[in-house]
Amino acid sequence: MAEVVKEVNALSPDEQRRLLEEEYAWLLERRRRRAEEEKRLPPLPAAERGKVVTRFAPNPDFVLHIGNARAAVLSYEYARMYEGRMILRFEDTDPRTKQPMPEAYELIREDLRWLGIRWDEEYVQSLRMEVFYDVARKLIERGGAYVDTEPPEKFREYRDSGNLARYPPRLRSPEENLELWDRMLEGHFGEGEAVLRVKTDPAHPDPSVRDWVACRIIDTSKTPHPIVGDRYIVWPTYNFAAAVDDHLMGVTHILRAREHAQNTVKQQFLYSHLGWRYPVVITFGRLKLEGMIMSKSALRRLAEERGVRLDDPRLATLRALRRRGIDPEAVRRLILDVGVKQTDASISYVNLASVNRSIVDGRARRVMAAIDPVPMLVEGLPWERKEFEVPYHPSVDLGSRRLEVPGPTATLYVSRSDARALRPGDVVRLMEAFNVEVVEVRGDRVVARFHSLSLEEARRRGAPIIQWVPASDAVPVEVHVPEGFELRVDRGLAEPAAAELKVGEVVQLVRYGFARVDAVLRGEDGRVEKLVMVYAHD
RNA sequence: GCCGCGGUAGUAUAGCCCGGCCAAGUAUGCGGGCCUUUCAAGCCCGUGACCCGGGUUCAAAUCCCGGCCGCGGCACCA
């Protein structure tokens with residue numbers, strides 16, 4: 001075996017490829033087949049082409065993070081796979097404990113568009129209150145719900161002692177309940193004084209399922225809703241609103257995270273009262289980025305109390321990933337790769353980086369920068385002035401730029417980490433340009449002498465190849481590198497062509513890593529004074 | 001505590017429903033090599049896993065039972 005490996009390794013890549021194609025085509029074929037299979041999501045149960053309706057139903061209390069994106073991407077991909085429709089529905093029926101964030105509606109739309117998700121219909125639940133009231137009334141008429149005017153402790157007492165079937169409010173007639181319901185709507189009750197409960201199995205093994213609350217009173221004069229203000233005081237709970245809307249909107253398949261699994265059970269009671277058919281539910285686990293804060297409330301606290309921006313690159317929000325130079329396609333691929341298992345998935349950033357690299361590599365221009373720059377004085381250059389034309393990418397045609405080096409002496413900059421490794425007598429190649437021999441290394445300064453021009457010469461001597469920056473027109477650059485919850489800032493000088501970079505572009509700083517241009521700061525004369533970048537990955 | 005859902009290499013995932021083709025596939029990571037004006041990409045080789053214990057069976061990652069561990073729910077939150 002080892003010999004065979006040696007033999008194959010001795011061949012050039014072209015020869016290897018040819019051999020593979022000619023003699024072992026079946027191997028390639030098998031590999032191709034597998035690669036195709038892996039991209040696909042498992043089929044959706046009971047799905048008919050053209051009839052699938054999915055929904056993504058976020059609470060607009062914060063922007064989306066990668067965990068939320070899982071539900072969004074899966075809902076969208078399945079709808080697309082079956083040529084169906086996807087609905088975006090804002091679930092903002094709690095103006096008290098989960099106060100919606102007024103900007104979040106639009107920020108979430110932005111996040112979704114960034115992910116490449118297009119929805120066919122959009123609803124805001126706080127604008128559909130009358131719809132919920134109508135269904136509630138119908139439910140009461142059918143004897144499927146009752147108004148409970150007892151204090152919560154009383155209810156719990158009956159529920160937990162197995163006497164729920166004999167709970168007095170539960171025994172009320174639909175007529176009585178309708179009357180109480182109207183009183184609720186009219187404002188006769190204050191917060192906590194009355195709720196509407198759905199009748200379930202009073203002996204259900206899960207106590208939380210027993211006669212769950214469909215509507216409660218929220219005093220919106222104290223906590224107004226950002227969209228409808230204090231117009232309503234009776235508010236549907238999540239379970240009621242979501243269940244009603246899923247039916248009314250014709251949702252056929254619900255893709256929901258595991259924390260909602262119990263809710264399916266609750267909602268089914270409502271459906272059976274109303275004679276509705278419950279959609280197919282697919283439950284999946286949580287998706288988190290290793291070592292990153294994923295809890296919405298914790299993120300929100302950071303934003304509100306510590307003034308952390310919603311797109312701070314240390315966060316796991318979608319806009320933070322975008323700012324780091326992560327392509328939406330990478331997020332999508334990762335989510336599809338993780339699939340719909342019920343187990344939680346904890347993805348490492350390295351993994352996301354790898355997917356992103358494969359997307360971004362072919363279109364990221366290569367730019368040289370000296371991080372923590374150290375001047376290198378080069379003497380004995382056999383020219384007055386010389387230009388090197390350097391392509392922006394080693395194998396893809398992304399254009400090129402010129403680098404100018406004066407003579408017979410010139411000052412350049414190299415990275416400190418490279419300078420530190422230099423010893424007098426070493427020959428080193430300045431990438432894409434020429435070779436120098438180190439004369440002396442003294443503290444913050446390297447003196448070198450022109451050695452030769454050709455790459456072959458550098459190869460022959462096993463000279464290291466390092467990136468460099470001409471001293472004139474070098475562009476100061478600052479790279480923000482998230483490290484856990486810290487943010488390291490690397491400072492350096494980039495080659496003059498970096499002044500042409502546009503905000504949002506992802507480039508590869510040669511031998512350093514991929515980074516996204518976050519800001520281009522200009523002086524009064526329009527010259528670029530500084531480039532701020534955010535580090536993506538190596 | 002009660003209810004529910006899970007446990008395949010460091011991570012993620014395929015296989016489990018319909019037991020044998022699985023001495024377990026893939027991606028990423030890690031180690032080595034080739035290639036290459038980048039420590040990027042590409043190519044080759046290697047590394048590494050069926051939670052534990054019983055049972056059923058000619059045969060179990062796959063079925064059954066028990067245990068352990070993890071996660072979720074137990075709100076007038078979503």
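Letters A, B, ... mirror the listed sequences (proteins, then strands); counts begin at 1.
Distance CD1 (A/Ile282) to P (B/C17): 20 Å, rounded to an integer number of Å. Note: CD (A/Gln342) to C1' (B/C17) measures 14 Å, nearest angstrom. Atom pair A/Asp538:CG and B/U28:P shows a separation of 14 Å (rounding to whole Å applied). At whole-Å resolution of the value, CZ in A/Arg333 and C1' in B/U28 are 14 Å apart. Per the geometry, CE belonging to A/Met431 stands 15 Å off P belonging to B/U36, to the nearest Å. The CG-C1' distance, from A/Leu287 to B/U13, rounds to 13 Å in whole Å. Rounded to whole Å, atom P of B/U38 lies 12 Å from atom CD of A/Gln467. The separation between A/Lys341 atom NZ and B/C16 atom C1' is 11 Å, rounded to whole Å.
Judged as a salt bridge (Lys or Arg N to Asp or Glu O under 4.0 Å), the pairs with a partner in residues 95-105 of chain A (not counting sequence neighbours) are, in order, A/Arg96-A/Glu191.
Using a 4.0 Å heavy-atom cutoff across all strands shown, A/Phe514 reaches sugar-phosphate atoms only and no base atom. Among the atoms of the strands shown, none is found under 4.0 Å from any heavy atom of A/Ala261. Across all strands shown, A/Asn435 has no heavy atoms under 4.0 Å from either base or sugar-phosphate atoms.
Between B/G25 and B/C16, the distance separating the two C1' atoms is 15 Å to the nearest Å. Distance noted for atom C1' between B/C17 and B/A27: 26 Å (whole Å). Between B/C76 and B/A12, the distance separating the two P atoms is 35 Å to the nearest Å. Taking atom C1' on both nucleotides, B/A9 is separated from B/A49 by 4 Å, rounded to a whole Å. Taking the C1' atoms as reference points, B/A61 lies 5 Å from B/C50, given to the whole Å. On the P atoms, B/U47 is 11 Å away from B/A24, given to the nearest whole Å. One P atom belongs to B/G20, the other to B/A59, and the distance between them is 14 Å to the nearest Å. Straight-line distance between the C1' atoms of B/G72 and B/G29: roughly 29 Å, to the nearest whole Å.
The partner of B/A61 cannot be assigned: no Watson-Crick or G-U wobble pair with both contacts below 3.5 Å exists in any strand. With a cut-off of 3.5 Å on both pairing distances, B/C21 has no Watson-Crick or G-U wobble partner at all. Pair assignment for B/G1 gives B/C74, based on Watson-Crick or G-U wobble hydrogen-bonding distances that are each under 3.5 Å. Pairing for B/G31 goes to B/C45, judged as Watson-Crick or G-U wobble with the two contacts each under 3.5 Å. B/C16 makes up no base pair with any nucleotide shown, lacking Watson-Crick or G-U wobble contacts both under 3.5 Å. B/C50 is unpaired under the Watson-Crick or G-U wobble criterion, no partner having all donor-acceptor distances under 3.5 Å.
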### Message
Strictly under 4.0 angstrom, non-hydrogen atoms only: write out the protein contact profile of nucleotides 73-78 of chain B, one letter per nucleotide from the 5' end, B, S or -.
### Response
SS-BBB
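When only modelled atom types and interatomic distance are considered, A/Asp92 and A/Tyr105 share a side-chain donor-acceptor pair under 3.5 Å.
Closest to the side chain of A/Pro205, from the set B/U36, B/G6, B/C3, is B/C3. Here B/U28 is the nucleotide among B/U28, B/A12, B/U37 with the atom lying nearest to any side-chain atom of A/Ser354. Taking the side chain of A/Thr343 as heavy atoms from C-beta on, and the options B/A40, B/G29, B/G6, the nearest nucleotide is B/G6.
Between A/His537 and A/Phe514, the ring planes are tilted. Angles from 30° to 60° get that label. Ring planes of A/Tyr167 and A/Tyr146: perpendicular class, angle over 60° (limits at 30 and 60°).
Among A/Tyr232, A/Phe90, A/Trp235, the single residue meeting the ring-ring contact (aromatic ring centres under 6.0 Å, His included) criterion with A/His225 is A/Trp235. Just one of A/Val477, A/Val367, A/Val510 meets the side-chain contact (heavy atoms from CB on, under 4.5 Å) condition when paired with A/Glu495; it is A/Val367. Here the options are A/Arg156, A/Arg170, A/Arg159, A/Arg197, the test is salt bridge (charged side-chain N to carboxylate O under 4.0 Å, His left out), and the partner is A/Asp211; only A/Arg170 passes.
For A/Ile466 and A/Ser346, each mapped to the nucleotide of RNA chain B holding its nearest heavy atom, the one lying further toward the 5' end belongs to A/Ser346. Residues A/Asp361 and A/Ile347 both approach RNA chain B. Their nearest nucleotides, taken by heavy-atom distance, put A/Ile347 toward the 5′ side.
Under 3.5 Å, the side chain of A/Arg357 and the base of B/A41 form no donor-acceptor pair of N or O atoms. At a cut-off of 3.5 angstrom, the base of B/U38 holds at least one donor-acceptor pair with the side chain of A/Gln508.
A/Arg365 meets the side-chain hydrogen bond (donor to acceptor under 3.5 Å, both in side chains) test with A/Glu505; sequence neighbours excluded.
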### Query
Is there a side-chain hydrogen bond (donor to acceptor under 3.5 Å, both in side chains) between A/Gln267 and A/Tyr278 once you walk through the steps?
CA-CA 8 Å; A/Gln267 294 175 204; A/Tyr278 204 77; 2.7 Å; yes
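Within 6.0 Å of atom NZ in A/Lys296, more than 12 heavy atoms from other residues, nucleotides or ligands are found, so the atom counts as buried in its surroundings.
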